[in-house]
**Student:** 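Can you keep this structure in mind? I'll have questions shortly.
Reminder, nothing fancy here: chain letters follow the sequence lines and each chain counts from 1.
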Amino acid sequence: MFIGEVSKKTGLSVRAIRLYEEKGLIKPPKRQGRYRVYTQVDIEVLNLISEAKDLGVTLATLKNVIIYESGEVDWERIRRFLFEVRDQLKRDMQTIQIRIRRVERCIGAIDDCQVGLDSPPKGRD
DNA sequence: TTTCTAACA
DNA sequence: TGTTAGCA
């Protein structure tokens with residue numbers, strides 16, 4: 001299929017698809033004349049790239065993960081990478097939870113110091 | 001109409 | 001990334 005259809009199927013812009021090829025994230029598809037012809041595997045890789053992008057994975061990182069072994073995608077490597085991403089996300093979640101508690105402590109400290117906010121303390125001078 | 005390359009009010 | 005120009 002041509003790039004227009006791939007764009008619709010993956011939700012990626014035609015521009016982005018060509019860019020990923022230029023960056024080496026996908027291998028240059030065969031040409032039918034001067035038009036790029038994509039395969040189902042290309043769609044799958046492109047979908048992966050689309051997902052990873054939303055997950056905050058940089059294109060540079062992806063390039064090291066999507067490796068073509070004799071023209072074939074090493075899905076097992078991608079799978080291992082995905083586990084790493086998941087583990088990192090879990091660690092991030094822990095530090096965020098810790099920060100949430102710290103912020104709540106600050107809020108609590110402020111509340112404790114402003115008990116009389118609604119009725120300003122009377123000066124005792 | 002769609003795709004291609006190259007380039008940027 | 002978008003978008004536009006000028007082709008095929």
Side-chain angles (χ1 to χ4, degrees):
Chain A
M1 66 193 93
F2 294 143
I3 201 168
E5 190 178 349
V6 175
S7 175
K8 288 181 180 178
K9 287 192 174 185
T10 62
L12 292 168
S13 65
V14 168
R15 176 81 163 84
I17 295 171
R18 294 201 192 101
L19 179 67
Y20 298 157
E21 174 188 335
E22 196 180 311
K23 296 289 186 181
L25 271 62
I26 60 174
K27 60 176 182 179
K30 295 176 180 177
R31 301 275 184 139
Q32 182 175 307
R34 62 190 215 129
Y35 293 172
R36 273 169 265 247
V37 178
Y38 296 87
T39 65
Q40 187 55 44
V41 173
D42 292 321
I43 301 287
E44 286 158 7
V45 175
L46 254 8
N47 278 329
L48 172 73
I49 294 173
S50 180
E51 277 279 6
K53 189 182 57 180
D54 286 343
L55 289 171
V57 180
T58 66
L59 298 186
T61 298
L62 277 179
K63 187 176 180 181
N64 295 316
V65 176
I66 302 174
I67 295 178
Y68 293 90
E69 286 296 331
S70 65
E72 295 290 301
V73 178
D74 185 351
W75 290 103
E76 189 49 44
R77 171 158 189 145
I78 292 173
R79 180 184 151 78
R80 288 198 298 275
F81 170 70
L82 259 16
F83 273 100
E84 287 176 24
V85 172
R86 185 199 60 176
D87 292 344
Q88 183 59 54
L89 251 19
K90 286 184 176 180
R91 285 194 287 276
D92 291 346
M93 179 180 261
Q94 292 235 312
T95 87
I96 288 176
Q97 287 180 329
I98 289 172
R99 289 178 178 177
I100 288 175
R101 294 191 193 103
R102 290 173 63 179
V103 169
E104 288 174 340
R105 276 181 53 204
C106 290
I107 293 173
I110 291 175
D111 289 346
D112 290 344
C113 291
Q114 297 185 145
V115 172
L117 233 198
D118 291 326
S119 50
K122 305 291 186 293
R124 83 166 69 57
D125 51 294

**Student:** Please report, rounded to the nearest Å, how far the P atom of dT2(B) is from the CD1 atom of Ile3(A).
**Tutor:** 14 Å
**Student:** From the options dC4(B), dT3(B), dT1(C), select the nucleotide whose nearest atom is closest to the side chain of Arg36(A).
**Tutor:**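 So the nucleotide nearest the side chain must be dC4(B).
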**Student:** Check whether any side-chain nitrogen or oxygen of Arg15(A) sits under 4.0 Å from OP1 or OP2 of dT3(C), and answer yes or no.
**Tutor:** no
**Student:** Paired with dT2(B): which nucleotide, if any, by Watson-Crick or G-U wobble criteria at under 3.5 Å for both distances?
**Tutor:**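 Its partner is dA8(C).
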**Student:** So that I can tick it off, tell me whether Arg79(A) and Glu76(A) are bridged by a salt bridge, with the cut-off set at under 4.0 angstrom between side-chain N and carboxylate O.
**Tutor:**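 Here Glu76(A) pairs with Arg79(A) in a salt bridge, since their nearest N and O are under 4.0 Å apart.
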**Student:** Taking atom C1' of dT1(C) as reference, at what distance in whole Å does atom CD of Glu22(A) sit?
**Tutor:**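 So the CD-C1' distance, Glu22(A) to dT1(C), works out to 12 Å.
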**Student:** Check the phosphate of dT1(C) against Tyr20(A), side-chain N and O only, distance under 4.0 Å to OP1 or OP2. Yes or no?
**Tutor:**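 Checking dT1(C) against Tyr20(A), a side-chain N or O does come within under 4.0 Å of OP1 or OP2.
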**Student:** Side chain of Ser13(A) only, please: which of dG2(C), dT1(C), dC7(C) is the nearest?
**Tutor:** dG2(C)
**Student:** To the nearest Å, how far apart are Leu19(A) CG and dG2(C) P?
**Tutor:** 10 Å
**Student:** For Val14(A) and for Tyr35(A), find the nucleotide of DNA chain C with the closest heavy atom, then tell me which residue's nucleotide is more 5'.
**Tutor:**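 Counting from the 5' end, the first nearest nucleotide belongs to Val14(A).
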**Student:** Are there over 12 heavy-atom neighbours, none belonging to Glu51(A), within less than 6.0 Å of that residue's CD?
**Tutor:**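 Counting neighbours around CD of Glu51(A), 12 or fewer heavy atoms of other residues, nucleotides or ligands fall under 6.0 Å, so no.
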**Student:** Between Lys8(A) and dT2(B), is there a contact of a side-chain N or O with OP1 or OP2 at under 4.0 Å?
**Tutor:** no
**Student:** Without swapping roles, check the side chain of Lys23(A) against the backbone of Leu59(A) for a donor-acceptor pair under 3.5 Å.
**Tutor:**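 No; judged by distance alone, with no hydrogens or angles, the pair does not exist.
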**Student:** Considering only heavy atoms from C-beta outward, does the side chain of Ile26(A) approach that of Ile49(A) to under 4.5 Å?
**Tutor:** yes
**Student:** Lys30(A) NZ to dC4(B) C1': how many Å, rounded?
**Tutor:** 20 Å
**Student:** Provide, to the nearest angstrom, the distance between the CZ atom belonging to Arg31(A) and the C1' atom belonging to dT3(B).
**Tutor:** 10 Å
**Student:** For dT3(C), does OP1 or OP2 lie under 4.0 Å from any side-chain N or O of Arg18(A)?
**Tutor:** no
**Student:** Are Arg36(A) and Glu21(A) close enough for a salt bridge, meaning some N to O gap below 4.0 Å?
**Tutor:** yes
**Student:** Going by purine N1 to pyrimidine N3 plus the second Watson-Crick contact, or the G-U wobble pair, all under 3.5 Å, which nucleotide sits opposite dA9(B)?
**Tutor:** none
**Student:** Quick one: does Arg34(A) reach the base of dC7(C) with a side-chain donor-acceptor pair under 3.5 Å?
**Tutor:**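 Flag set: donor-acceptor pair detected.
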